[in-house]
Amino acid sequence: MSSNQIALKNLVSMEHLTNEEVMALIKRGIEFKNGAKVHYDEQHIVANLFFESSTRTHKAFEVAELKLGCDLLDFDVKTSSVNKGETLYDTILTMSALGVDVCVIRHPEVDYYKELVESPTITTSIVNGGDGSGQHPSQSLLDLMTIYQEFGHFDGLKVAIAGDLDHSRVAKSNMQILKRLGAELFFAGPDEWRSAEFADYGKFVTIDEVIDQVDVMMFLRVQHERHDYNSIFSKENYHKLHGLTQERYDCMKDTAILMHPAPVNRDVEIADHLVEAPKSRIVEQMTNGVFVRMAIIEAVLKGRN
Ligand code: CP
């Protein structure tokens with residue numbers, strides 16, 4: 001058995017994980033990527049409940065669960081009793097009563113998971129697939145796996161996170177854990193989308209002040225669904241002021257990597273032709289998402305024993 005196989009009751013926020021648990025999940029993700037297999041004698045039923053749109057997180061969890069031999073319970077929010085006013089608590093209570101082992105949930109409400117993990121009646125394990133502008137732990141872990149695969153460490157790495165900081169659960173998950181693992185953080189983007197909480201984790205800069213110094217240049221998606229960005233910027237203006245242009249790409253160190261959680265608003269955060277450029281690890285991030293989610297599901301299944 002690998003020493004990286006840990007046990008977790010739930011996985012809802014990066015702040016609940018120790019550095020050792022984070023490193024074990026990353027290393028277990030790498031083991032899965034390198035071909036490690038698991039076999040369970042008992043049945044495991046997993047339900048993926050997505051109350052907000054998703055391609056990568058939803059489908060990567062499904063692929064991860066299939067690779068682990070789990071049985072997937074179909075749940076379509078549109079045709080469920082959510083339409084009759086069923087609350088999230090009652091939906092998950094039902095899943096628990098039906099014997100579902102793990103519920104992967106994405107929901108627009110920040111901290112939606114608190115009442116679920118505190119409930120004495122709900123026994124299903126909860127994995128957070130994103131809570132509004134709160135946390136996105138599986139994205140954070142796949143980002144960390146991608147950085148670790150590239151550099152082999154986090155200590156002293158210069159990481160810039162640029163864009164729609166306030167509305168980004170990816171930025172919030174990543175800033176906490178990257179600082180804890182020893183990275184030096186810089187934040188760039190429109191003043192309108194920078195709240196004071198970021199100052200506890202790094203320095204506010206303009207993208208042009210740091211683009212030639214950082215090891216990791218991480219852009220964030222402009223979250224159109226959470227604010228009216230068109231009233232502040234035109235697409236062209238945002239790209240020119242805050243996005244990755246060819247000129248900025250050319251300023252990046254040869255060893256630096258470009259990241260984005262995707263979906264990318266092409267020609268807004270990143271010029272269309274640079275999304276798959278040599279320094280980009282955006283496709284790698286998506287691939288790593290399957291393997292790190294295998295590590296997450298394995299850990300919560302182990303936590304149930
Ligand atoms: N990165 C991310 O969470 O993408 P999806 O919204 O497609 O899941």
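Heads up: numbering here begins at 1 and tracks the sequence. Atoms within a ligand are numbered from 1 in the order they appear, just like the ligands themselves.
Judged by the shortest distance from any of its heavy atoms, Ala262 lies inside the 4.0 Å radius around the atoms of ligand 1. For His136, the heavy-atom gap to ligand 1 drops under 4.0 angstrom.
Hydrophobic clustering of Ile, Leu, Val, Met, Phe, Trp and Tyr side chains at less than 4.5 Å, counting indirect connections, keeps Ile126 apart from Ile6.
Using cut-offs of 30° and 60° for the angle between ring planes, the Tyr148 and Phe154 rings count as parallel.
Lys179 has no carboxylate O lying under 4.0 Å from a charged side-chain N of Glu15, or vice versa, which leaves the two without a salt bridge. Salt-bridge formation is detected for the pair Arg248/Asp208: a Lys NZ or Arg NE/NH1/NH2 atom is positioned less than 4.0 Å from an Asp or Glu carboxylate oxygen.
The side chain to side chain contact (heavy atoms under 4.5 Å, CB included) test with Leu144 is passed by exactly one of Leu25, Asn288, Val292, Leu181: Leu181.
Applying the 4.0 Å criterion to heavy atoms of Pro261 picks out, from ligand 1, the atoms 1 (N). Heavy-atom contacts of Thr55 reach the following atoms of ligand 1: 5 (P), 7 (O), 8 (O) (cutoff under 4.0 Å).
Closest to atom 6 (O) of ligand 1 among all protein heavy atoms lies Arg106 NH1, 2.9 Å.
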